[in-house]
Asker: 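Mind looking over this structure? Questions follow.
None of these values were measured; they are calculated from a predicted model. Chain letters run A, B, ... following the sequence lines, proteins first and then strands; every chain starts at 1.
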Amino acid sequence: MILEDGFAPNGYTYVAALSGCTNLRAERIGKELHGRMYRTEESINSFVTNCLVNFYGKCGLLKSARLVFDGTLEPNSVTWASLISCYFHCGEYQEGLTMFVSALRRGMIVNEFFVGSVLGASAATKSLKLGMQIHSLVVKSSLGRMDQFVVTGLINFYAKCGRLDLARRSFDEAEAPELHAWTALIGGCVQLGSGREAIDLFCKLLSSDLKPSERTYSSVLGAFADVKEVGKQIHCRIVKLGFDSFSFISNALLDFYSKSDLFEESLNLFREMKEHDVVSWNTLIAGCVSSGWYEEAMRFLTL
DNA sequence: TTAGGGTTAG
């Protein structure tokens with residue numbers, strides 16, 4: 001539209017457009033914009049270049065992201081952080097870490113963006129040693145006291161590595177943990193079998209100024225298998241909030257009913273769902289088996 | 001006016 005109107009896009013335009021393409025994973029349009037930039041080279045600056053790296057990487061086109069990065073004369077900390085996060089985003093943890101080490105060698109200062117990324121990679125690969133090294137950097141630089149991404153990253157990392165004690169400590173040491181941090185800790189408690197602690201935290205969250213999100217509900221649901229009636233009330237609340245339209249919430253509800261030995265409720269819910277994905281089916285079939293409904297399980301498997 | 005990082009179910 002801007003082109004049809006006779007205006008030439010500038011750097012600001014490209015940054016906005018490329019960011020949109022990244023969020024929407026609009027590969028074709030992003031590539032077109034990249035081609036167009038070569039004809040108006042004056043609009044290419046470091047902001048645009050960094051957006052290009054991020055655009056290609058988040059679309060899974062790591063080679064293109066790397067080409068743009070390698071063509072950058074003086075990559076700054078954002079260029080490095082973008083490329084590293086793209087490697088992690090695509091599951092290329094080793095290459096991402098190699099680039100992180102290169103960034104440090106080139107004199108980049110570890111900031112909250114690098115820390116957030118590397119903590120995520122440490123969580124995904126369950127690398128307790130690496131994450132703890134990053135944690136010590138966080139303590140030395142006081143990053144964790146200020147940045148919520150770092151706080152949540154630490155909680156998530158420790159929980160994924162099975163260290164609920166250290167996840168809890170990171171949470172307690174944060175000045176004012178925000179919702180993401182609460183959700184990460186609650187999810188960690190549930191995953192590591194501390195349902196009681198998860199419910200206590202969830203109650204505290206409800207009485208705070210923060211409002212649990214659909215992700216918080218999906219994290220906590222598993223903790224209610226031991227207290228079915230409360231779990232059913234949570235289900236009502238989820239419906240009132242309109243969160244049951246999210247497929248991952250429906251799946252978490254399916255799981256809750258299966259674990260609570262309320263398999264018929266689970267089956268009813270499955271029938272009411274508009275869409276089923278592979279998780280819905282897996283949950284349903286696992287529920288059949290654990291309830292001793294083997295014939296139904298076979299029937300669903302062969303449908 | 002512009003770029004990068006965290007939480008979700010089996």
Asker: With clusters defined by side-chain heavy atoms of hydrophobic residues (ILVMFWY) lying less than 4.5 Å apart, directly or transitively, does A/Tyr87 cluster with A/Leu104?
Answerer: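 Shared cluster, yes.
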Asker: Any sub-3.5 Å donor-acceptor pair from A/Trp182's side-chain atoms to A/Pro177's backbone N or O?
Answerer: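 Flag set: sc A/Trp182 to bb A/Pro177 pair under 3.5 Å.
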Asker: With clusters built from Ile, Leu, Val, Met, Phe, Trp and Tyr whose side-chain heavy atoms come within less than 4.5 Å, directly or transitively, what are the remaining members of the cluster of A/Tyr38, listed by chain and number?
Answerer: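 A/Tyr38 shares its hydrophobic cluster with no other residue.
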Asker: May I have all residue pairs that pass side chain to side chain donor-acceptor pair (under 3.5 Å) and include part of residues 94-108 of chain A, sequence neighbours excluded?
Answerer: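 Side chain to side chain donor-acceptor pair (under 3.5 Å) check on residues 94-108 of chain A returns A/Arg66-A/Glu95.
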Asker: Near DNA chain B, counting only heavy atoms under 4.0 Å, which residues of residues 106-142 of chain A show up?
Answerer: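 Of all residues in residues 106-142 of chain A, the ones placing a heavy atom under 4.0 Å from DNA chain B are A/Asn111, A/Glu112, A/Phe113, A/Ser117.
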Asker: Side chains of A/Ser258 and A/Asp255: any donor to acceptor distance under 3.5 Å?
Answerer: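 Their side chains do not contain a donor-acceptor pair, so the 3.5 Å distance test is not met.
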Asker: For residues 126-140 of chain A, dump all side-chain donor-acceptor pairs below 3.5 Å to protein atoms at least two apart in sequence or in another chain.
Answerer:
{"from": "A/Lys126", "atom 1": "NZ", "to": "A/Lys160", "atom 2": "O", "distance (Å)": "3.3"}
{"from": "A/Ser127", "atom 1": "OG", "to": "A/Thr125", "atom 2": "OG1", "distance (Å)": "2.7"}
{"from": "A/His135", "atom 1": "ND1", "to": "A/Tyr158", "atom 2": "OH", "distance (Å)": "2.7"}
{"from": "A/Ser136", "atom 1": "OG", "to": "A/Gln133", "atom 2": "O", "distance (Å)": "2.8"}

Asker: Counting C-beta onward and ignoring hydrogens, is there a side-chain heavy-atom pair between A/Asn76 and A/Thr79 closer than 4.5 Å?
Answerer: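 The answer is yes; the side chains approach within 4.5 Å.
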Asker: Between residues 165-177 of chain A and DNA chain B, which residues have a heavy-atom gap below 4.0 Å?
Answerer: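 Correct list: empty, so none.
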Asker: Looking across every strand, which nucleic acid part, if any, lies under 4.0 Å from A/Val278 by heavy atom: base, sugar-phosphate, or nothing?
Answerer: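 The answer is base, as A/Val278 lies within the cut-off (heavy atoms under 4.0 Å) of a base atom.
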Asker: Near DNA chain B, counting only heavy atoms under 4.0 Å, which residues of residues 71-90 of chain A show up?
Answerer: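 Contacting residues: A/Asn76, A/Ser77, A/Val78, A/Ala81, A/Ser82, A/Ser85.
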Asker: Taking only residues two or more places apart in sequence or in another chain, which ones pass side chain to side chain donor-acceptor pair (under 3.5 Å) with A/Ser77?
Answerer: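 Counting only residues at least two positions away or on another chain, A/Ser77 forms no side chain to side chain donor-acceptor pair (under 3.5 Å).
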Asker: Under a 3.5 Å cutoff, is there a donor and acceptor pairing between the side chains of A/Ser280 and A/Asn251?
Answerer: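 Side chains of A/Ser280 and A/Asn251: pair found under 3.5 Å.
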Asker: State whether a side-chain donor-acceptor pair under 3.5 Å links A/Asn54 with A/Thr22.
Answerer: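 The answer is no; no qualifying pair exists.
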Asker: Under 4.0 Å from a heavy atom of chain A: give me the 5'-most and 3'-most nucleotides of DNA chain B that qualify.
Answerer: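 In short, chain A contacts DNA chain B from B/dT1 to B/dG10.
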Asker: Any pair with a residue in residues 201-216 of chain A that passes side chain to side chain donor-acceptor pair (under 3.5 Å), sequence neighbours left out, goes on the list, sorted by first then second residue, please.
Answerer: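 Those involving residues 201-216 of chain A are A/Thr183-A/Thr216, A/Ser213-A/Thr216.
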Asker: Under 3.5 Å, which donor-acceptor pairs do the side chains of residues 108-120 of chain A form with other protein atoms, sequence neighbours left out?
Answerer:
{"from": "A/Asn111", "atom 1": "OD1", "to": "A/Phe113", "atom 2": "N", "distance (Å)": "3.0"}
{"from": "A/Asn111", "atom 1": "OD1", "to": "A/Phe114", "atom 2": "N", "distance (Å)": "3.0"}

Asker: Side-chain heavy atoms under 4.5 angstrom apart, residues restricted to Ile, Leu, Val, Met, Phe, Trp, Tyr: same cluster for A/Val53 and A/Phe55?
Answerer: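 The answer is yes; both residues are in one hydrophobic cluster.
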Asker: Does A/Arg36 come within less than 4.0 Å of A/Glu32, counting only side-chain N to carboxylate O?
Answerer: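 Between A/Glu32 and A/Arg36 there is no salt bridge, as every charged N stays at least 4.0 Å from the carboxylate O atoms.
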Asker: Pull out every residue in residues 203-236 of chain A that has a heavy atom closer than 4.0 Å to any atom of DNA chain B, ordered by number, or say none.
Answerer: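 Output list: A/Arg215, A/Ser218, A/Ser219.
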Asker: For residues 229-249 of chain A, run the donor-acceptor check on the side chains, cut-off 3.5 Å, and write out each pair with its distance to 0.1 Å, sequence neighbours left out.
Answerer:
{"from": "A/His235", "atom 1": "ND1", "to": "A/Tyr257", "atom 2": "OH", "distance (Å)": "2.6"}
{"from": "A/Ser245", "atom 1": "OG", "to": "A/Gly242", "atom 2": "O", "distance (Å)": "3.0"}

Asker: Under 4.0 angstrom, heavy atoms only, what part of the nucleic acid is A/Glu178 near: base, sugar-phosphate, or nothing?
Answerer: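 Since a base atom lies under 4.0 Å of A/Glu178, the category is base.
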